[in-house]
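Numbers for residues simply follow the sequence, beginning at 1.
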Amino acid sequence: MKFTEGAFRNYGYALAEKEFADKTYTWDQWERTKKDKGEAAANAEQKAELAKGKILARRDRGHHAQQVLRGPTSSTSSRR
């Protein structure tokens, strides 16, 4: 990962946690919980937060991220 990509990712996670904490659960939160309490605790925390209706902010590679940004198109809507 290039430095700028990592910096942008970190900025995005920080912004989501600061400005939209009531609506998002970030992958950085999952990583911190995994480090402090273990993977099972991180998975349980994520599951609980998503059950509350929060959106998972997670890094995605390739065209999947572009689909999220653009929304469904006629070529992908039939696969959903």
Side-chain angles (χ1 to χ4, degrees):
M1 178 184 308
K2 294 179 182 176
F3 174 76
T4 54
E5 291 173 2
F8 186 73
R9 181 202 63 217
N10 295 342
Y11 168 77
Y13 286 154
L15 180 66
E17 288 182 35
K18 181 179 177 186
E19 299 292 328
F20 307 102
D22 59 330
K23 295 177 177 56
T24 61
Y25 180 79
T26 70
W27 199 247
D28 273 0
Q29 289 172 291
W30 186 90
E31 290 286 353
R32 287 192 301 267
T33 301
K34 179 183 174 190
K35 180 181 175 188
D36 295 341
K37 301 177 184 176
E39 188 170 350
N43 289 335
E45 178 183 75
Q46 177 185 326
K47 184 177 180 178
E49 294 300 310
L50 298 181
K52 294 177 189 176
K54 289 189 176 184
I55 297 169
L56 177 61
R58 179 178 176 179
R59 179 175 178 230
D60 197 355
R61 295 183 180 173
H63 71 281
H64 300 291
Q66 292 299 319
Q67 287 178 342
V68 169
L69 294 173
R70 288 189 309 237
T73 63
S74 59
S75 64
T76 60
S77 60
S78 62
R79 291 187 232 154
R80 291 180 180 250

Across all chains, not counting sequence neighbours, the side-chain hydrogen bond (donor to acceptor under 3.5 Å, both in side chains) partners of Thr24 are none
Using the side chain to side chain contact (heavy atoms under 4.5 Å, CB included) criterion, which residues pair with Leu56? Sequence neighbours excluded.
Tyr25, Trp27, Gln46, Leu50, Arg58
Tyr13 side chain reached by Lys18 side chain, heavy atoms, under 4.5 Å:
no
Heavy atoms of Ala21 and Lys54 approach each other most closely as O-NZ, 3.0 Å
Flag side-chain contact, heavy atom, 4.5 Å: Arg32 against Lys35
no
Do Asn43 and Trp30 make a side-chain contact, defined as non-hydrogen atoms from C-beta onward lying under 4.5 Å apart?
yes
Drop me the distance from Asp22's CG to Phe20's CZ, to the nearest 0.5 angstrom.
9.0 Å
Using the side chain to side chain contact (heavy atoms under 4.5 Å, CB included) criterion, which residues pair with Ala48? Sequence neighbours excluded.
none
Looking at residues at least two apart in the chain, or sitting in another chain, which of them share a salt bridge (charged side-chain N to carboxylate O under 4.0 Å, His left out) with Glu31?
none
Which ILVMFWY residues can you reach from Leu15 by hopping between side chains whose heavy atoms are under 4.5 Å apart?
Tyr11
Smallest heavy-atom separation, Thr26 atom then Ala16 atom, equals CG2-CB, 3.9 Å
List the residues meeting salt bridge (charged side-chain N to carboxylate O under 4.0 Å, His left out) with Lys52, not counting sequence neighbours, and say none if there are none.
Glu49
